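Working notes, beginning with the structure itself.
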Amino acid sequence: MWQQLNNDIQRTRQWQRGLGLLPLTLLVACDGQQSTLNPAGTGAESIATLFWWMCAGGVLIWAVVMGIALYVTQAQPGAHGIRSARWLILGGGIIFPVVVLTALLSYGLMLMPPLRSTTDIDLRVDVSGEQWWWRVRYQTEAGEPVELANEIRLPVGQRVAFDLTSPDVIHSFWIPSLGGKVDMIPGRTNQLVLEPTRTGTFRGACAEYCGTSHALMAFPVVVMEPAAFSSWLASQAQPAQAPETALQRQGQRAFLSNGCGACHRVRGTEADGTVGPDLTHVGSRLSLAAGTLPADVEAFRRWIGHTGEIKPDVKMPTFGMLPDDQLNAMAHYLKGLK
Ligand code: CUA
């Protein structure tokens with residue numbers, strides 16, 4: 001019982017500390033790589049402006065209502081006649097809300113057409129939400145699309161149209177710093193247009209609960225200067241780099257002989273699976289397992305050997321039965337796929 005009491009006290013103290021940190025947390029949440037209030041795209045700028053107007057309006061109305069409530073506690077009984085009381089109800093209860101809500105609704109609707117416009121598109125990217133990762137396909141002028149996974153790079157100042165879909169369940173595609181979110185619905189293609197306004201690295205996430213590992217489904221978004229973007233896309237279109245060291249060659253043999261190529265494609269090799277992420281340039285990506293792990297050799301080894309522990313219910317089987325030297329060689333091979 002004393003143990004229980006002690007635990008309760010501890011928990012209460014943690015709560016109190018947590019509450020003390022709340023204002024700080026709210027401030028910190030406005031900054032960073034994944035914030036609608038620190039916009040880096042035209043869509044996010046409109047959303048942030050709308051939010052601040054709504055917020056200011058809400059605070060103002062709250063202050064007026066509190067003022068009236070305070071006044072009522074101080075006023076003498078019978079200080080106002082029945083006529084003025086009726087006017088207060090009519091004005092405060094009907095006229096004021098109708099005027100304010102109509103104004104806010106009109107303003108919100110006014111912001112929408114430019115956000116939804118699909119004209120003057122500079123780049124097209126297809127993204128498919130899978131369990132639990134992102135298939136990304138860049139449409140290129142050469143005709144052959146470039147497929148990669150779990151990372152999106154965009155040229156600053158250009159309008160990008162995303163065609164969003166899903167083969168399994170509903171996901172939701174959201175890059176808070178750049179714009180609003182759009183659902184990815186099986187059997188449909190939804191469109192979202194984003195226009196980044198400054199360079200940087202941001203974080204995108206799935207915004208619709210889609211199963212056990214919904215929270216492990218993120219992706220880095222890198223906004224680059226157009227020239228740097230073009231050379232990045234050109235490098236992604238190249239076939240995979242051949243392994244350079246003996247360890248990487250051993251890793252490639254292990255990768256091919258254990259059947260990894262049935263699900264994964266490494267362009268330029270016999271691995272041509274399409275079920276899982278394209279790994280042609282996986283070593284150049286900023287994260288592993290859709291924003292779940294850092295992209296270093298150690299993380300590759302952990303991922304292959306403990307897949308289901310790291311991302312519960314993922315479709316990729318765990319290859320924990322492989323000897324350590326094979327896991328290590330595979331990790332070096334994959335990290336070498338720049
Ligand atoms: Cu995909 Cu949640």
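Note that ligands are numbered from 1 as they come in the structure, with each ligand's atoms numbered from 1 the same way. Side-chain atoms are counted along with the backbone in the values below, which use heavy atoms only and exclude waters and symmetry mates. All values reported here derive from a predicted model rather than from experimental measurement.
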Could you point out which residue of Arg267, Arg265, Arg137 forms a salt bridge (charged side-chain N to carboxylate O under 4.0 Å, His left out) with Glu147?
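Of all the options given, the one that passes is Arg137.
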Given SG of Cys210 on one side and ND1 of His214 on the other, what angle do they make at atom 2 (Cu) of ligand 1, to 10°?
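Vertex at atom 2 (Cu) of ligand 1: approximately 120°.
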Contact flag Met217/atom 1 (Cu) of ligand 1, N/O/S atoms, threshold under 2.8 Å
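Met217 does place an N, O or S atom closer than 2.8 Å to atom 1 (Cu) of ligand 1.
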With respect to atom 1 (Cu) of ligand 1, please indicate if His171 possesses an N, O or S atom at a distance under 2.8 Å.
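So His171 counts as coordinating atom 1 (Cu) of ligand 1, yes.
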Evaluate Leu322 against Met330 for side chain to side chain contact (heavy atoms under 4.5 Å, CB included), listing each step before the verdict.
CA-CA 10 Å; Leu322 294 182; Met330 261 202 236; 3.4 Å; yes
Specify which N/O/S atom of Glu208 comes nearest to atom 2 (Cu) of ligand 1, by atom name.
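Sorting the N, O and S atoms of Glu208 by distance to atom 2 (Cu) of ligand 1 puts O first.
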Using the ring of each side chain (for Trp, its six-membered ring), is Phe229 parallel, tilted or perpendicular to Tyr138, with breaks at 30° and 60°?
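The rings of Phe229 and Tyr138 sit tilted, inter-plane angle from 30° to 60°.
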Is it the case that the ring center of Phe219 lies less than 6.0 angstrom away from the ring center of Phe173?
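Here the rings of Phe219 and Phe173 have centres that are less than 6.0 Å from each other.
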